[in-house]
Amino acid sequence: MKKKRLFIFSLHLFGILTISVFGFFRLETAANTAAIKLQETTINLFNQTEIFYNHTLSKTITGGDCQEFLKVSEPFLYQNPYIRSITLSDGGTITCSTISKNKKIKMKNWRPLNSENQLFYTDKTPFKNRELTMQRGVLLLRIPMSRSIATTFAYHPDFFKQALTTPSNFHLSLHFDDIVFTSSGIFHQKDTEKPDHILQADLFGTSYKITYSDTLHYIFANYGILLLMWMALITFAGSPLYKNFENYNLAYFRIKKGIKRKQFEPYLQPSFDIDGNLTGAELLARWVHPKKGIISPSEFIEIAENNGQIIEITNQLINKTIKKLQQHHFNKKLFLSINICPAQFENDDLFNDCILIKNKLLKNNIEPILELTERMELTNNKLYMNYIDRLQKQNFLIALDDFGTGHCSLKYIHQVNVNFIKIDKSYINTIDDNNSNTNILDNIIDLAKRIQVPLVAEGIETQTQLDYLRGKQIRYYQGFFFERPISIDNFIKKYHSENQ
């Protein structure tokens, strides 16, 4: 119960974390997009100013005519409400301005020129030579014409504040020199928190900052319903999911551990002919667990086939079988049946294992038979046929196991030259004292006789079943009536001496 609660809690947590991380990255992307858009808007503003200066205004400066300068500047100023003033200066003196006209004004806060454009913020007005509050200052773009003459464009801070207010949860900011514009005001760089990211342009930078509260608000606002749906789904479906997880996913790791520790042991179920003589045995897997004892194949074979672990299990069984049987020689030939499934056709491991067991045991008078199980449907029929063809070219005998219970039995008979057909136990169980429900069984027997393929009857448990099948001239038998699956050591102990 504790593991179940932990599993369900983990699913809840996994969903919450996944949705939250997805939401955060969506928020991060949106914030970055907003910062880029703000940067593009600001760059476009300054570009328009520079284009006007280069193509129009600069021509009036060389003549030194203030009236001509104002005549050209004022229409541009009126068309662009975000520009506060346009000023022409020579050294530290304003010589012409849209504010002071042609009045000469000495600037106390004048900055020396350099050869490049300058963008800076000032809270001092040169026209009245007094300081303003930080929030009422002005952003200046100064474009030099020579070492002393320059044109300065003054921008209203309110234009930038408006651009910074949407969306507010990104906390966008503009960085000019040592001044930061935010939606809440203008501050010195040292008085503001360091932003998460800064996108740098030539004269300024844009940034955004996302707080924990912003992230939570965004996630709940945009993905709250999805979170509730996930919580409800896991609450109702958690128990069935846990059951499947425990049966399959946890089983995968248990099987993997069992393979690593070589806990899968070969068991042999003997088979006999119509006269009761030993003809061979079927190689079966038993998981010998140190705590749980012998685990039935019904608890792991299907899982191992579905996830491909059957390849390693088969390899382990074959190696252990070879090690045991090659120490004993049988005077009479015995068949050793090995179950194979489509999952093993993906690589050459099975082929190599089959060649190995044949080469190692033929001298001991043991011949392998490969039993094709129908439990899994073939996803690549061409691959399947090529694989079987390779095995048959190496003179391997092929048996069709569990006939009539899986996928496309008749198709396999048509495509593969099988040497034996094994009648599934479910059809054998239809035999009773009145022989009332054996139509399908009789048809299978009739089909095998028509195509001249020997039959092996599996799952014989009663004398009645044996007598009925003997009356139908079935050649080979296997089942609890004769012998249950036994360890390979017990098989050798019991049947080796009889074979001598």
Side-chain angles (χ1 to χ4, degrees), residues 31-54 57 73 76-77 80-89 92 94 97-99 107-127 130-145 150-168 170-210:
N32 189 66
T33 301
I36 292 173
K37 185 176 180 180
L38 173 63
Q39 186 178 76
E40 291 174 346
T41 301
T42 308
I43 289 174
N44 185 55
L45 169 65
F46 295 142
N47 284 345
Q48 289 180 19
T49 302
E50 292 180 2
I51 290 172
F52 166 71
Y53 172 82
N54 292 328
L57 188 60
S73 298
F76 181 75
L77 183 68
N80 297 276
Y82 45 80
I83 297 181
R84 182 174 177 176
S85 65
I86 304 174
T87 301
L88 181 64
S89 61
I94 295 175
S97 173
T98 55
I99 295 178
M107 294 183 289
K108 291 184 179 181
N109 60 335
W110 178 76
R111 294 189 180 191
L113 297 177
N114 56 37
S115 59
E116 297 179 349
N117 294 351
Q118 292 177 289
L119 185 63
F120 56 93
Y121 185 79
T122 181
D123 53 1
K124 296 178 181 179
T125 170
F127 302 105
R130 64 184 177 85
E131 292 187 359
L132 303 172
T133 64
M134 172 65 76
Q135 304 306 318
R136 300 308 303 167
V138 63
L139 184 67
L140 303 176
L141 174 62
R142 187 162 65 178
I143 305 175
M145 173 168 277
T151 301
T152 303
F153 295 83
Y155 298 93
H156 289 290
D158 291 343
F159 168 81
F160 300 100
K161 290 180 183 179
Q162 291 174 2
L164 290 165
T165 55
T166 306
S168 59
F170 296 153
H171 301 285
L172 297 173
S173 58
L174 283 163
H175 300 254
F176 302 106
D177 198 8
D178 63 341
I179 298 296
V180 179
F181 282 30
T182 71
S183 59
S184 58
I186 302 168
F187 306 93
H188 287 289
Q189 194 84 265
K190 62 182 180 180
D191 298 328
T192 61
E193 293 185 16
K194 186 178 180 181
D196 294 339
H197 302 278
I198 295 181
L199 304 176
Q200 196 64 45
D202 290 339
L203 300 174
F204 68 97
T206 56
S207 70
Y208 62 89
K209 186 173 182 63
I210 301 175

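Throughout, residue positions are numbered sequentially from 1 according to the sequence presented.
With sequence neighbours excluded, the residues forming a side chain to side chain donor-acceptor pair (under 3.5 Å) with Thr49 are Tyr155, listed by chain and number. Qualifying side chain to side chain donor-acceptor pair (under 3.5 Å) partners for Gln48, counting only residues two or more places apart in sequence or in other chains: Tyr82. Applying the side chain to side chain contact (heavy atoms under 4.5 Å, CB included) rule to Ala35 yields the partners Leu172, Leu199, Thr206, Tyr208; only residues at least two apart in sequence or on another chain are considered. Partners of Ser173 according to the side chain to side chain donor-acceptor pair (under 3.5 Å) rule, which considers only residues two or more places apart in sequence or in another chain, are His175, Ser207. Not counting sequence neighbours, the partners of Glu50 by the side chain to side chain donor-acceptor pair (under 3.5 Å) test are Asn117. In terms of the ring pair (Phe, Tyr, Trp, His ring centres under 6.0 Å) criterion, residue partners of Phe181 (sequence neighbours excluded) are, by chain and number, Tyr121, Phe160, Phe176.
Side-chain contact check for Met107 versus Ile94: some heavy-atom pair is nearer than 4.5 Å. Within the 4.5 Å cutoff, side-chain heavy atoms of Leu45 are placed close to those of Phe159.
Minimum heavy-atom separation, Ile198 to Gly205: CG2-CA, 4.4 Å. Residues Ala150 and Arg142 come closest through the heavy atom pair CB-CG, 3.7 Å. Counting all heavy atoms, side chain and backbone alike, Ile83 lies closest to Leu77 at O-CD1, 3.2 Å. In terms of heavy atoms, Gln200 sits closest to Gln39 at C-NE2, 3.8 Å.
Residue Leu141 holds its CG atom at 6.5 Å from CZ of Phe46, rounded to the nearest 0.5 Å. Distance check, rounded to the nearest 0.5 Å: CD of Gln118 to CD1 of Ile143 gives 11.0 Å. Interatomic distance, Leu164 CG to His171 NE2, rounded to the nearest 0.5 Å: 12.5 Å. Here the CZ atom belonging to Phe52 is positioned 8.5 Å from the CG atom belonging to Asn80, to the nearest 0.5 angstrom. Leu57 CG to Leu88 CG: the interatomic distance, rounded to the nearest 0.5 Å, is 8.0 Å.
Heavy-atom contacts from other residues, nucleotides or ligands closer than 6.0 Å to CG of Asn47 number more than 12.
Thr87 places no side-chain N or O within 3.5 Å of a backbone atom of Ser97 that could act as its donor or acceptor partner.
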> Are Ile43 and Phe204 close enough, and set up right, to give a side chain to side chain contact (heavy atoms under 4.5 Å, CB included), and what steps lead you there?
Replying inline: CA-CA 9 Å; Ile43 289 174; Phe204 68 97; 3.5 Å; yes
